Amino acid sequence: FKVLEARFPGASATSVASKVLAHHTLCNPFAYLPGFYLANGLIRGRSWQEIREKTEAEYWTTLFYIWKVWVPLTVIQFALIPERHQVLFVGVANLGWNTALSLLYNWSGSDSARTAASDTPRCD
């Protein structure tokens, strides 16, 4: 955030818009989202091909979801939150965001997932 603040200082409408635009057209599409899919795929032992297929299938939908959630939060961050508290603000927001994204990443609406769930032993 210090780089963006140095490049676009202050909290004027132009400065905030410039920071939000830079953050969401560079960081999210080219660093965060590819890194998310790569890390999650590797942690789950998926092959490079499986990671690529999942990323290609979900990339744009997930990116648009990121923008719906994070553009308003980023506007609040740069317009209202003092620079010294921005990391804390983003950290708290990320806790909820990463939980939601992980749930979306792992959710499957397929019949095989429902079958597997119904075959799971229950304790009732």
Side-chain angles (χ1 to χ4, degrees):
F1 302 123
K2 289 186 180 282
V3 172
L4 291 173
E5 185 60 34
R7 179 68 177 99
F8 308 107
S12 69
T14 302
S15 178
V16 169
S18 298
K19 290 178 208 177
V20 170
L21 184 65
H23 184 71
H24 289 289
T25 59
L26 298 174
C27 179
N28 287 332
F30 300 111
Y32 173 75
L33 194 53
F36 174 81
Y37 278 102
L38 179 63
N40 274 280
L42 292 174
I43 288 169
R44 286 167 177 73
R46 294 200 168 119
S47 70
W48 291 109
Q49 183 63 28
E50 290 172 320
I51 294 169
R52 182 179 173 160
E53 288 171 0
K54 185 163 184 68
T55 304
E56 288 174 354
E58 298 175 0
Y59 180 86
W60 290 107
T61 302
T62 306
L63 184 60
F64 289 135
Y65 188 63
I66 287 171
W67 288 338
K68 283 187 215 178
V69 172
W70 279 99
V71 168
L73 286 173
T74 308
V75 169
I76 292 168
Q77 170 194 348
F78 290 131
L80 303 175
I81 307 297
E83 184 184 357
R84 68 182 180 276
H85 299 302
Q86 288 180 6
V87 172
L88 176 61
F89 175 80
V90 171
V92 170
N94 259 320
L95 178 63
W97 168 253
N98 285 327
T99 301
L101 192 57
S102 292
L103 290 171
L104 288 172
Y105 181 91
N106 292 298
W107 179 80
S108 175
S110 69
D111 289 334
S112 61
R114 278 189 228 104
T115 302
S118 66
D119 292 343
T120 303
R122 298 182 57 165
C123 296
D124 32 282

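Quick caveat, the model's predicted, so the values are computed rather than measured.
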Rounded distance [0.5 Å steps], [atom1] in [X] versus [atom2] in [Y]:
X   : Y   : atom1 : atom2 : value
F89 : N94 : CZ    : CG    : 10.5 Å
L33 : T62 : CG    : OG1   : 6.0 Å
L38 : L42 : CG    : CG    : 4.5 Å

Shared ILVMFWY cluster between [X] and [Y], side chains joined below 4.5 angstrom?
X   : Y   : result
W60 : V71 : yes
V20 : L80 : yes
I76 : Y65 : yes
W70 : F64 : yes
V16 : V87 : yes

Connected-component partners of L88 among ILVMFWY, side-chain separation under 4.5 Å: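 Taking Ile, Leu, Val, Met, Phe, Trp and Tyr as members, L88 shares its hydrophobic cluster with V92.
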
By side chain to side chain donor-acceptor pair (under 3.5 Å) - contacts of H23 (at least two apart):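 Counting only residues at least two positions away or on another chain, H23 forms no side chain to side chain donor-acceptor pair (under 3.5 Å).
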
Shortest non-hydrogen contact between [X] and [Y], atoms and distance:
X   : Y   : answer
L73 : A93 : CD1-CB, 4.2 Å
P34 : N28 : CD-O, 3.9 Å
A11 : A79 : CB-O, 3.9 Å

Min side-chain heavy-atom separation T74-Q77 under 4.5 Å: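 In short, these two side chains touch, coming nearer than 4.5 Å.
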
Checking F30 now: which residues fulfil ring-ring contact (aromatic ring centres under 6.0 Å, His included) with it, not counting sequence neighbours?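 F30 satisfies ring-ring contact (aromatic ring centres under 6.0 Å, His included) with no residue once adjacent residues are dropped.
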
ring-ring contact (aromatic ring centres under 6.0 Å, His included) partners of Y59, counting only residues at least two apart: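 Residues passing ring-ring contact (aromatic ring centres under 6.0 Å, His included) with Y59: none at all.
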
Taking the side chain from N40 and the backbone from F36, do they hold a donor-acceptor pair closer than 3.5 Å?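 Yes.
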
Short side-chain to backbone donor-acceptor contact, Q86 and F78, under 3.5 Å: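 No, because the side chain of Q86 does not come within donor-acceptor range (under 3.5 Å) of the backbone of F78.
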
More than 12 heavy atoms from other groups under 6.0 Å of OH on Y32: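 For Y32, atom OH is crowded (more than 12 foreign heavy atoms under 6.0 Å).
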
Using the salt bridge (charged side-chain N to carboxylate O under 4.0 Å, His left out) criterion, which residues pair with K2? Sequence neighbours excluded.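 Partners of K2 under the salt bridge (charged side-chain N to carboxylate O under 4.0 Å, His left out) test: E83.
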
Among residues two or more places apart or on two chains, list those pairs meeting side-chain hydrogen bond (donor to acceptor under 3.5 Å, both in side chains) that have a residue in residues 9-19.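 Passing the test, one end in residues 9-19: E5-K19.
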
